[in-house]
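Below is one structure, written out as structure tokens; comments come after it.
Lettering of chains follows the sequences in order, A, B, ..., and the numbering in each one begins at 1. On a predicted model such as this, the values are computed, not experimentally measured, just so you know. All values below come from the heavy atoms of this structure, side chains included, with hydrogens, waters and symmetry mates left out.
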There are 2 protein chains.
Amino acid sequence: MKSSAPTIRDVAAAAQVSTATVSKYINGAQRFSPKVEAALDVAIANLGYKSNPLAKSMITGRTNTIGLSVLDITNPHFSSILKGANRVAHDHEFSVLLVDTEETPSRERRTLEELSRRVDGMIVFSRLREKDMGWMADIDKPLVFFGSLNELPIPTVASDDHGGAFMLAQHLRMLGHKRIAYLGFSKSRRDEERLGGIYECLNAAGMELAVFDGEAPSSAEGERMCSSIVLGASRPDAVICYNDLMALGFMKEAANLGLSIPRDLSVVGFDNIPYGKYVSPALTTVDLQSERMGATAMTKLLAVIRGEPVEKLTKVAPQLVLRASTLARS
Amino acid sequence: MKSSAPTIRDVAAAAQVSTATVSKYINGAQRFSPKVEAALDVAIANLGYKSNPLAKSMITGRTNTIGLSVLDITNPHFSSILKGANRVAHDHEFSVLLVDTEETPSRERRTLEELSRRVDGMIVFSRLREKDMGWMADIDKPLVFFGSLNELPIPTVASDDHGGAFMLAQHLRMLGHKRIAYLGFSKSRRDEERLGGIYECLNAAGMELAVFDGEAPSSAEGERMCSSIVLGASRPDAVICYNDLMALGFMKEAANLGLSIPRDLSVVGFDNIPYGKYVSPALTTVDLQSERMGATAMTKLLAVIRGEPVEKLTKVAPQLVLRASTLARS
DNA sequence: CTGTTAGCGCATTCAT
DNA sequence: ATGAATGCGCTAACAG
């Protein structure tokens, strides 16, 4: 009785063949004579042989693992991305090694550089500005990035944040809102895109925008910022939040402060997380197709790994989801 | 200029030492004369040498990676568990390889057996019954399981579902509810524990319990089941849902059906997901301490890996979170 | 079809 | 304090 796990050599000995034969057989790289294959089957079954993936990876250089780096896995936007990415990976016999950077850009570089040695490719969501990301292009592994990139030669998957924001602003404008505010999160690279979309719409109509900046893209921050927005000298009649999480917190606190949404104030967000549907009033938002983005990114990355050509930028179209948190002004 | 990544041999050559010296130095296994160490530092910096983790893992047998298997990563309960587990892992320089079984027990075995070869240990959340889990104990890797186990010699981390359920039932009883219903999810191993806790409380008070069984632990299923519960011949005055997700769906549909919560009906759930706080009325629930459970499980697993003795069962105490979805009956 | 040989990059005796 | 030699488990030519 061997103490440690059986190796390819044990199988070879038991089946009276060479290790090369065993290797080729278990990898389906080649067919053999019936008697050899039968002997192999028996030996493998008897010994309970399982290929050692580490040894295999070392030699082939492939780990069948994809690294996925997100900013906060408890944010439903990211869990959905992970869901989509994981599903595609699983369908192709790949595993996902998760990295949660917890909104801490400082450690991203070291983490990802280390990660890159253990995976066949990476999908990255980052708070870094493009100019601080040069090292990413130097990582010698296929990479797909979430968000658009101007210079860096890295394939990306991006939602149309500008367009989505435009839709939201347009929707509010058509509903007759006059004083629109934006509760943003300037640390995010997407914040300016959203801001740009809103401005494009409002400027065309000669409308102003009151801009507030949050410290975190969270519901707690939405709550915290609420009073300074709605209790100011000129209360907005609509607030666009950086994301649904902030919108949820904002709405709750607004209600606390005695405001009725959407009567006193319309509120909208981004992402279409599943929970915007269960609050009252239900949250109008822009569906950024998180799960699909995750799946798309993984599909794209696997293509890169296979050496297939891919588009530099894949855009995923957002979709306005109309719910009760917006109401026409008289 | 070398084409592929520098190896320990390149460093050895550049620093005029042996590979053994390099290996010992980079692993801090031994100190060397100042000139040697200096030469090594220079060579490593010049070449940009990085240790190949795969080769290292193959030889040491350690990957510094932990496998975490959950049922559905988009369920906030599980993202929180992942959050906690990941944080502890990260603090100890471990990575997390995620498996999302998507509520499909059939593929669990193969997935986990494969996973076990790539990691130093695993943390598993499973829908399998203990009698179908024997193979888990045979996996030759440290393992921590979520939920309690009677026979299997696997260390576990469990919430006190029975106790939590008792608290919920007791709370409703003290509020004066007379007709309590349970919207469960019998596929889960925790369902019977929760049911048991409820029964223990209600039986002592001579009260009945109307039991309904959902097909999935999701908000959509909560919505779907709602009408058959509240539009029956005898409408309950309180509903305990298997988890917060179901409760959220249930509450929404109940409102659709014209019922006012908590006036017509109290509703409670399990988990204390962050979103129960933002619905109206806010959801009374039992906080199962998801994030802490994840952290606890990871801490425990790392202890097992280090060869330290651990308790077989670690219980995490639940906590009732009182919110507006429950109201005293007159 | 099947076997021989030669490493992959590294850690680990066991010498010196 | 340092190095030579060995092998982890496997795949990849190349030979026959």
Which of residues 17-40 of chain B have a heavy atom under 4.0 Å from DNA chain D? V17(B), S18(B), A20(B), T21(B), K24(B), Q30(B), F32(B), S33(B), V36(B)
Ignoring hydrogens and geometry beyond distance, is a side-chain donor-acceptor pair present between S126(B) and E108(B) at under 3.5 Å? yes
When the distance from CG of D10(A) to P of dC8(D) is rounded to whole Å, what number comes out? 11 Å
List in chain and number order the residues that pass side chain to side chain donor-acceptor pair (under 3.5 Å) with S80(A), two or more places apart in sequence or in another chain; answer none if no residue qualifies. none
Residues in salt bridge (charged side-chain N to carboxylate O under 4.0 Å, His left out) contact with D100(A), at least two apart in sequence or another chain: K83(B)
So, using side-chain contact (heavy atoms from CB on, under 4.5 Å) as the criterion, who are the partners of R129(B) when residues are at least two apart? K131(B), D132(B), R189(B), E192(B)
Without hydrogens or angle criteria, can the side chains of T299(A) and T296(A) be said to hold a donor-acceptor pair below 3.5 Å? no
Which one of V17(B), D41(B), V22(B) satisfies the side chain to side chain contact (heavy atoms under 4.5 Å, CB included) criterion with V36(B)? V17(B)
E113(B): partners by side chain to side chain donor-acceptor pair (under 3.5 Å), with sequence neighbours left out: R109(B)
Rounded interatomic separation in angstrom, taking CD1 from I8(A) and P from dC8(D): 13 Å
Strictly distance-based, threshold 3.5 Å: is any side-chain N or O of R117(A) a donor or acceptor partner for the main-chain N or O of K50(B)? yes
Among residues 50-66 of chain B, which contact DNA chain D at a heavy-atom distance under 4.0 Å? M58(B), I59(B)
